[in-house]
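Note sheet for the following structure.
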Amino acid sequence: MVSFTHDTGGTSERRWDEADWSDRIRPLTLEGCARLIVVAAHPDDESLGAGGLIAGAGQLGLAITVIAATNGEASHPRSPTLTAADLAAVRRVEMVNAVRALAPTATVRLLDLPDGDLSQHRNSLEEAVSQVVAADQAAPGPAGGTWIVAPWRLDGHPDHAAAGEAAALVAGRTGARLLEYPIWAWHWSSPEDPVWPTGADGTALCRLDLDAAARERKNTAMAAHTSQVQPLSDRPGDEAIVQPGFAAHFERDHEDFVGAAADVLPAAPVAGSPLASLTAGFFDEFYAGSADPWGFETRWYEARKRAVTLAALPLPRYGAALELGCSIGVLSRDLADRCDTLLATDINEQALTVARERLAGLPGVTVERRALPAEWPAGTFDLVVLSEIGYYCSPTDLAVLLERCRRSLTPNGALVACHWRHPVGEYPLGGDEVHAALAALPGLDRTVQHVERDFVLEVYEPSPAPSVAQREGLAE
């Protein structure tokens with residue numbers, strides 16, 4: 001997450017207004033939307049980031065649900081006048097009034113999840129959004145799609161990231177269109193910051209122009225969040241959170257959203273484009289200068305990540321295991337001690353030469369060159385390890401890869417996936433996108449989830465899967 005303060009500094013609205021983003025912005029309209037679901041990590045997110053969109057949807061008579069994950073009770077942690085419980089009560093009322101100003105017929109759902117700790121309750125938010133999507137899609141109404149609109153996952157606030165991740169998981173699973181709105185990125189970032197998408201990473205910016213009526217409704221909604229736009233009192237700790245300079249970012253005649261490039265960019269990926277899968281040539285060049293370019297043998301980061309991976313395995317031992325993307329075989333060596341047989345694969349022959357030397361003589365270990373997902377091995381496996389190769393795939397190839405992983409699992413098997421979370425310009429996808437697609441696979445339960453700033457590691461097992469304690473007879 002980005003480190004910033006709410007009340008000092010920040011990028012001026014003038015800099016954003018003068019920025020030339022004409023080459024990256026695509027127009028957005030509500031055409032094709034029949035049901036709009038807006039997720040807010042805190043009350044006022046919906047008005048700041050998507051108030052104009054909600055107002056426009058209301059003018060068209062679309063079905064609208066606004067979900068507030070938390071009550072925003074942590075907005076003034078040092079307030080001498082209001083307790084957290086007081087703030088929660090105030091902000092709940094403000095939320096309802098703001099949404100009523102935007103679209104009087106919209107439904108508001110208040111989930112009461114803890115402010116500042118949403119990442120630990122992402123599953124609850126995910127379930128709530130799923131329920132709304134299911135109900136909306138089952139209800140009679142006009143033809144069209146469901147749109148889920150949520151805080152941008154790269155907005156710099158941990159609650160915003162968690163809300164965006166939950167929305168992305170539901171969108172991936174249900175086929176709903178996902179749009180993400182920045183809030184605090186307008187404050188801490190700048191127009192030149194590479195964090196903003198250009199279409200090359202699978203996401204792009206789209207702009208909704210607001211008419212006068214939508215702007216008026218949005219301004220009214222923003223003002224309804226009195227506890228945020230005005231001081232609670234003149235005492236220290238009660239200052240306004242949304243200062244005038246920051247509020248200026250949301251007084252524009254448009255709203256910007258991050259969406260899938262496929263939704264807002266007309267060009268389809270072709271071989272060699274940023275959205276196509278990386279080829280063997282990329283890895284040949286990568287390994288040309290070093291036998292261990294990732295530092296598997298030397299970096300504590302890699303050693304620690306391996307330890308976390310091995311500790312996450314639900315069973316002490318497996319029969320047949322498949323490791324995808326074994327590279328030079330460092331993790332393979334540890335997996336061999338936990339499996340009767342291990343098939344380790346990679347696309348690069350230089351890396352495999354090192355892996356074969358490392359694994360020589362180990363019983364049951366086979367090392368093969370395979371280009372995935374096309375050259376998929378036959379048979380089923382008790383353990384499939386997806387070793388940081390998902391983001392090398394195009395979205396289409398990733399879908400095929402994950403489905404083949406799922407189908408290759410035995411009924412009591414486990415799929416372990418681990419991916420780097422920081423953006424890499426050459427990769428078609430990001431680690432969070434890979435795991436959002438993984439979460440959308442049917443028939444699997446996520447039984448382990450480890451998320452930190454650098455990587456995400458998850459274990460999926462065929463549902464219903466018993467926990468480790470249940471397997472040991474410690475729990476029913």
Are any non-hydrogen side-chain atoms of [X] and [Y] less than 4.5 angstrom apart?
X	Y	value
P428	L398	no
V258	L154	no
T353	E349	yes
D284	Q350	no
L362	R333	yes
S277	Y392	no
D193	W188	yes
L402	L386	yes

Could you state the interatomic distance from [atom1] ([X]) to [atom2] ([Y]), rounded to the nearest 0.5 Å?
X	Y	atom1	atom2	answer
E255	D209	CD	CG	10.5 Å
T380	L322	OG1	CG	11.0 Å
Y318	D340	OH	CG	12.5 Å
R446	L169	CZ	CG	6.0 Å
E433	R421	CD	CZ	12.0 Å
I25	H254	CD1	NE2	7.0 Å

With [X], the side-chain contact (heavy atoms from CB on, under 4.5 Å) member among [options]:
X	options	value
V367	L359, T345, L342	L359
H160	E165, H42, R153, E180	H42
V416	L335, T309, V384, V448	T309

Give the minimum heavy-atom separation between [X] and [Y], together with the two atoms involved.
X	Y	result
A417	L438	CB-CD2, 3.7 Å
W376	S408	NE1-OG, 2.8 Å
H121	D117	CD2-O, 3.3 Å
D159	G116	OD2-N, 2.7 Å
S189	V195	OG-CG1, 3.8 Å
S75	D115	N-OD2, 3.9 Å

Could you work out, with side-chain hydrogen bond (donor to acceptor under 3.5 Å, both in side chains) as the rule, every residue matching [X], not counting sequence neighbours?
X	answer
S327	Y287
Q120	none
E403	R406, R407

Can any side-chain N or O of [X] pair as donor or acceptor with the backbone N or O of [Y] at less than 3.5 Å?
X	Y	answer
R369	I347	yes
E46	D44	yes
D397	C393	no
D155	I183	yes
R26	A204	no
H419	V434	no

When you measure from the centre of the six-membered ring of W300, is the NZ or CZ of R304 closer than 6.0 Å and no more than 45° off the axis?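 Here R304 fails the 6.0 Å and 45° test against W300.
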Would you check, one step at a time, whether the test side chain to side chain contact (heavy atoms under 4.5 Å, CB included) holds for I67 with L125? CA-CA 9 Å; I67 302 172; L125 175 56; 4.3 Å; yes
Distance only, no hydrogens: is a donor on one side chain within 3.5 Å (strictly under) of an acceptor on the other, for R358 and S332?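 The answer is no; no qualifying pair exists.
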Please determine, by modelled atom types, if N412 and D382 share a side-chain donor-acceptor pair under 3.5 angstrom.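 No - no donor-acceptor pair under 3.5 Å links their side chains.
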For W186, which of W152, Y181, F246, W196 qualifies under ring-ring contact (aromatic ring centres under 6.0 Å, His included)?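 Checked W152, Y181, F246, W196 against W186; only one passes ring-ring contact (aromatic ring centres under 6.0 Å, His included): W196.
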Decide yes or no on side chain to side chain contact (heavy atoms under 4.5 Å, CB included) for V132 and R109, but give the supporting numbers first. CA-CA 10 Å; V132 175; R109 288 196 61 184; 3.4 Å; yes
For R15 and E192: C-alpha separation, side-chain torsions, deciding distance, then whether salt bridge (Lys or Arg N to Asp or Glu O under 4.0 Å) applies. CA-CA 10 Å; R15 284 193 63 191; E192 301 79 22; 2.7 Å; yes
Ring centres of H187 and H249 under 6.0 Å apart?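 Centroid separation for H187 and H249: 6.0 Å or greater.
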Quick check: W294 with F286 (ring centres under 6.0 Å apart)?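 F286 vs W294: aromatic centres under 6.0 Å.
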Run the side chain to side chain contact (heavy atoms under 4.5 Å, CB included) test on R177 and T146 for me, step by step, so that the C-alpha distance in whole Å, both residues' side-chain angles and the decisive distance to 0.1 Å come before the verdict. CA-CA 6 Å; R177 182 178 184 180; T146 297; over 6 Å; no
Side chain to side chain contact (heavy atoms under 4.5 Å, CB included) evaluation trace for R173 with E126: CA-CA 11 Å; R173 184 165 58 243; E126 181 185 338; 3.0 Å; yes
